[in-house]
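Below is one structure, written out as structure tokens; comments come after it.
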Amino acid sequence: MTTSTASALELHDVSHAYDKVRAVDHVSLHVNEGEVICLLGPSGCGKSTILRLAAGLETLQQGRVVMQGQTIADGAARQSVPPERRGVGLVFQDFALFPHLSVARNIGFGLTELDAAGRDKRIAEVLDQVDMADYATAFPHALSGGQQQRIALARALAPQPAVLLLDEPFSGLDARLREQIRDETLHVLKRSRTATLMVTHDPEEAMFMADRIY
Ligand code: ADP
């Protein structure tokens with residue numbers, strides 16, 4: 001199969017079973033640089049499993065995962081690059097912020113390759129990107145749901161991941177906030193041109209966010 005240089009993430013003929021449950025059945029997809037792609041479907045159809053396989057949180061049983069032209073997991077060869085070396089950013093439904101760390105330290109957590117000055121600079125940049133520059137010293141419990149979502153996004157973007165993986169990132173927000181945060185998030189993703197694979201069960205959300213829908 002040919003690999004386009006503009007492709008950030010590819011899944012080739014990926015299948016996955018939990019015991020007897022076939023969660024993913026021969027799925028192929030690709031996300032190009034700068035694209036926002038949605039996986040849309042009802043609960044239980046295997047969307048999160050696809051995201052977890054792309055992230056390396058689940059061991060690949062069958063098929064191949066390719067990032068920026070490099071095979072990072074091969075089911076047949078039983079080879080796999082660990083999650084922390086894949087260059088993926090993750091945002092989950094519950095945001096998963098560290099409650100005992102300030103906003104700045106939450107964002108700085110994954111920036112291990114930078115020195116202290118570089119880390120501070122990058123933290124300031126991403127806080128600015130999500131319009132939260134005044135909240136560096138705040139703690140997660142003092143933030144609204146929408147603000148926590150923005151910090152989770154900032155933390156995922158901080159290491160400049162090759163691919164951002166979002167698992168139902170807005171479903172923890174109340175209906176009033178959801179549209180606004182969705183809109184803001186799309187702006188941030190498009191401005192940073194981060195290749196994004198997002199899971200949702202909400203067709204309207206997929207239509208709003210996605211360049212393409214699977
Ligand atoms: P979705 O994200 O579309 O809701 P999932 O990928 O979470 O779907 O789940 C797909 C199927 O796999 C479901 O039937 C689910 O119950 C099953 N499943 C998911 N995770 C596990 C697991 N860790 N162990 C066993 N079964 C699982």
Side-chain angles (χ1 to χ4, degrees), residues 7-32 35-67 71-76 78-98 145-146 148-150 152-153 155-157 161-175 177-179 181-182 185-186 189 194-214:
S7 173
L9 172 70
E10 297 163 36
L11 266 60
H12 296 284
D13 198 29
V14 165
S15 297
H16 194 81
Y18 301 101
D19 292 325
K20 286 180 187 130
V21 179
R22 197 150 187 78
V24 178
D25 198 13
H26 298 289
V27 167
S28 296
L29 60 82
H30 68 277
V31 184
N32 290 331
E35 265 188 330
V36 176
I37 300 301
C38 282
L39 295 178
L40 172 67
S43 181
C45 77
K47 306 181 296 298
S48 294
T49 302
I50 291 173
L51 227 55
R52 293 171 59 78
L53 288 166
L57 299 174
E58 211 68 67
T59 304
L60 189 66
Q61 296 168 349
Q62 188 191 314
R64 255 177 348 116
V65 179
V66 178
M67 271 180 68
T71 296
I72 55 163
D74 187 326
R78 307 219 169 269
Q79 284 171 352
S80 181
V81 173
E84 66 276 13
R85 289 188 34 225
R86 289 194 178 192
V88 296
L90 291 163
V91 178
F92 299 104
Q93 180 176 348
D94 63 1
F95 312 138
L97 298 175
F98 303 114
Q148 288 184 33
Q149 202 274 353
R150 288 193 224 171
L153 183 63
R155 182 178 63 180
L157 287 173
V163 180
L164 191 61
L165 303 172
L166 309 178
D167 196 350
E168 301 271 6
F170 310 116
S171 54
L173 303 170
D174 64 58
L177 258 181
R178 205 172 300 147
E179 261 176 58
I181 297 287
R182 208 164 68 177
T185 301
L186 187 59
L189 296 178
T194 308
T196 301
L197 184 60
M198 181 181 119
V199 158
T200 179
H201 65 274
D202 178 348
E204 199 222 316
E205 187 166 292
M207 294 291 285
F208 177 78
M209 295 289 290
D211 296 310
R212 286 185 290 117
I213 298 173
Y214 285 97

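Position 1 is the first residue of the sequence; numbering continues from there. All ligand and atom numbering here is 1-based and tracks the order in the structure.
For ligand 1, the atoms closer than 4.0 angstrom to any heavy atom of A23 are 10 (C), 11 (C), 12 (O). Taking every non-hydrogen atom of C45 and a distance limit under 4.0 Å, the qualifying atoms of ligand 1 come out as 1 (P), 3 (O), 8 (O). Listed by number with element, the atoms of ligand 1 under 4.0 angstrom from any heavy atom of P42 are 3 (O).
Using a 4.0 Å threshold on non-hydrogen atoms, atom 16 (O) of ligand 1 does not count as touching the protein. For atom 22 (C) of ligand 1, a protein heavy-atom neighbour is present inside the 4.0 Å cut-off.
The cationic group of R155 does not satisfy the cation-pi geometry with F95, failing either the under 6.0 Å distance to the six-membered ring centre or the 45° limit from the ring axis.
Considering only non-hydrogen protein atoms, atom 9 (O) of ligand 1 sits nearest to T49 OG1, 4.0 Å. Atom 3 (O) of ligand 1 has its closest protein heavy atom at K47 NZ, 2.8 Å. Residue, atom and distance of the protein heavy atom nearest to atom 19 (C) of ligand 1 are Y18 CE1, 3.4 Å. Counting only heavy atoms of the protein, atom 8 (O) of ligand 1 lies nearest to G46 N, 3.1 Å. Nearest protein heavy-atom contact of atom 13 (C) of ligand 1 is G44 O, 3.6 Å. Of the protein's non-hydrogen atoms, S48 CB, 3.7 Å is the one closest to atom 7 (O) of ligand 1.
In the model, S48 has a side-chain atom that pairs as donor or acceptor with a side-chain atom of D167 under 3.5 Å. For the residue pair H201/E168, the side-chain donor-acceptor check at 3.5 Å is satisfied.
T71 pairs in a side chain to side chain donor-acceptor pair (under 3.5 Å) with only one of the listed residues (R64, H12, E10), which is R64.
Listed by first and then second residue, the side-chain hydrogen bond (donor to acceptor under 3.5 Å, both in side chains) pairs involving residues 81-92 are S80-R86 (not counting sequence neighbours).
The side chain to side chain donor-acceptor pair (under 3.5 Å) check on D74 picks up nothing, with sequence neighbours excluded.
Between E204 and R178 there is no salt bridge, since none of the side-chain N atoms of the basic residue sits less than 4.0 Å from a carboxylate O of the acidic one.
Checking side-chain atoms of N32 against main-chain N and O of E35 turns up no donor-acceptor pair under 3.5 Å.
Counting heavy atoms closer than 4.0 Å to ligand 1, residue V21 contributes side-chain atoms (C-beta onward) but none from N, CA, C or O.
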